[in-house]
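Every chain is numbered from 1 and lettered A, B, ... according to where its sequence line falls, protein lines coming before strand lines.
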2 protein chains.
Amino acid sequence: MSRRAQDGRPRAGRSTIYDVARVAGVSVGTVSRVLNGHPVGADSRKAVQRAMAGTGYVPNQHARQLAGARPETVAFLHCAPGDRLLADPNINTLLLDCLRALGDQNIMMITPVAGGGSPDVVSQTLAARLADPVLVFTAPRSSAAITSLVDRDIPVVSCGIPLGHERHVSYVSTDDRDGAQQIVTYLRSRGRRRIATVTAPMDLPGGVQRLAGYRDAVATFDPALVAHGDYTYAGAVTATEQLLRQAPDLDAIFAASDLMAAGVLAACAKAGRRVPDDIAVAGYDDAALALTTRPQLTTVRIPWHRYADQLTRHLLRRIDGDDPSGVVMPVELIIRGSA
Amino acid sequence: MSRRAQDGRPRAGRSTIYDVARVAGVSVGTVSRVLNGHPVGADSRKAVQRAMAGTGYVPNQHARQLAGARPETVAFLHCAPGDRLLADPNINTLLLDCLRALGDQNIMMITPVAGGGSPDVVSQTLAARLADPVLVFTAPRSSAAITSLVDRDIPVVSCGIPLGHERHVSYVSTDDRDGAQQIVTYLRSRGRRRIATVTAPMDLPGGVQRLAGYRDAVATFDPALVAHGDYTYAGAVTATEQLLRQAPDLDAIFAASDLMAAGVLAACAKAGRRVPDDIAVAGYDDAALALTTRPQLTTVRIPWHRYADQLTRHLLRRIDGDDPSGVVMPVELIIRGSA
DNA sequence: TTGTAGGCGTTATCAC
DNA sequence: GTGATAACGCCTACAA
């Protein structure tokens, strides 16, 4: 009932492959072939193309998908509350790179527009509707969202290691542990002895792994030198104040992100500590703002372009039915003025 | 080829309605009925539900859609560059209201994630993939995006009158012309005689209609009293400066949006003109910031909740195959300190 | 190279 | 109420 017949006048659109075949004087098979770039006689091809233009033919995606065609859309799921992450120019670059690469394959990206519901609700809904692969950002440990996708056999590719789902979802990541270790080791090589850290949220991979690298590198682990951040500037300020209170003698702070490092810088300034003289400060990501702080941030560079490349590669693989796989890329120490 | 068979172990998911029917010991018809809430015997229903849970059945959207089921997703297309609009709390409310209402109907909203491509490219792509209705925001005059959707027989519902497409797309709007007329008439009633205006972009409905209302209400039309804004704060500041230069004797400024009115306020302050004593200032929208400016803005209130209600109503109608239709809602003058 | 026919997973229309 | 069975629009062997 829901599809009301159109009144009299001949409407455009809504023509099928059969219509095209008829006006082109060929079989549907041939039409399908030109549609998919399969070998077809030059004349038939031209006839079909003319017919398609004439009838205003637009392929029905649902039918294609049903018939087993390659998915043409990947869903993007951003688990972080708000769109904090998307404000980061680096992540933006990452996303744009992916978009471009996928576009070349004629694949588009969509995202659920989140309403009042929790991200999990959204993803459940998502899972129920699209059988396409899902690209996930900022997936927290054992995310219910991912579980529901995996349970439904929907291929998931995660940006960063999906804690608790390593076996079932593809991922591309960087060697956070090594990066943190490198930077803390560097701080030690510069004579710093009381090195503190402002962590990322501990339910995110950046939280656990960068802290692990920190522990690897420090001589002895002092809980008073650890404060938990939440990837925000304000959170880092608070964390730093706490650190300064707990361990007034600290001589270095490693923040698990550049944005947080900026917060650390601000807090140090407010506390009257000079950077890097009194306190060395290091960040992570080599985000754009690493260059705009005073002093500029010593940090760990993530290879964003390669990252995007790997992401699309994995996405495409999952589309082609491959099993989940992960890759961890090496990372590079960038030394600037802050440490 | 693209669907590689899964290895040995029994996988969950991907079970069909046939599987469910088999384990439930009923026909697919019955399964479909419980799926869609059609009348079914209590015992069969229970058996089916048990079977669905057991097999981890998830309906295939593509198949449903192909078979003519009601679409379960509407696409959201925001034509404005950047996400300027979404920063507006009112618009956000609008969107959330829609989301909630659609959610009640079990309909989700998705949006293409825009890459480097122009909005038109995005919408073309969109048009080629989804046959679902599209909700459009900020559609400029004769938008190519809308044309391509309409040409493909994809139902479009516009937020605001879609200039150049009035006959082919549904829309809900408010009586901008009347609102502008009301507010300018009010300004005149307060003794203002040289009333200027900062318009919205002239390719958007708010641009042409609010200016039309202004012209309706002023005694004589003086081009020197008109400056074009672009819905931004900064643009309004510039426009106001221009106005002040062109017509130093003006005694009132009607801005086509509250955000722009805030810019007008700032420019007036900078120019040393007192509001409302020297210059009366009026806005439009009754946005949240209308209450935070000094003085608070006299403005035109748009009934956001009713707006959202109408929007979903029209969306639902189009889903049910109804022809395009539009509605224009009345608007209310809100008098505060600025004029 | 091209046509034919079967199948993809649901919904809806029939009879029963 | 329930079970067959045609669509729905496309893809892809298979045959010619």
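The closest side-chain heavy-atom distance from Thr16(B) to Asn60(B) is not below 4.5 Å.
One distance of note links CG of Leu35(A) with OH of Tyr57(A); it measures 5.0 Å at 0.5 Å rounding. For the atom pair SG (Cys98(B)) and CE (Met109(B)), the distance works out to 6.5 Å, reported to the nearest 0.5 Å. Summarising the geometry, atom CG belonging to Leu311(B) is positioned 5.0 Å from atom CG belonging to Leu135(B); distances are rounded to the nearest 0.5 Å. Atom CZ of Arg64(B) sits about 5.0 Å away from atom CD of Glu72(B), to the nearest 0.5 Å.
Distance, His62(A) NE2 to dG9(D) P: 12 Å, rounded to whole Å. Rounding to whole angstrom units, CD of residue Gln61(A) and P of dC8(D) are separated by 19 Å. Distance Gln65(A) CD to dG9(C) C1': 13 Å, rounded to the nearest Å. Note: CG (Asn60(A)) to P (dC8(C)) measures 18 Å, nearest angstrom. Regarding Arg64(A), its CZ atom lies at a distance of 9 Å from the P atom of dT12(D), rounded to whole Å.
For Arg141(B), the side-chain contact (heavy atoms from CB on, under 4.5 Å) criterion is met by Leu163(B), Asp203(B), Val208(B), not counting sequence neighbours.
Using a 4.0 Å cutoff on non-hydrogen atoms, the parts of residues 36-52 of chain A near DNA chain C are Val40(A), Gly41(A), Ser44(A), ordered by number. Taken residue by residue, residues 20-35 of chain B places heavy atoms nearer than 4.0 Å to DNA chain D at Val26(B), Ser27(B), Val28(B), Thr30(B), Arg33(B).
Contact annotation: Tyr18(A) does not reach the phosphate of dC11(D) (side-chain N/O to OP1 or OP2, under 4.0 Å).
Of the listed residues (His314(A), Arg313(A), Arg317(A), Arg318(A)), just one forms a side chain to side chain donor-acceptor pair (under 3.5 Å) with Ser170(A), and that residue is Arg318(A).
Taking a cutoff of 4.0 Å between a charged side-chain nitrogen and a carboxylate oxygen, Arg306(B) and Asp309(B) do not qualify as a salt bridge.
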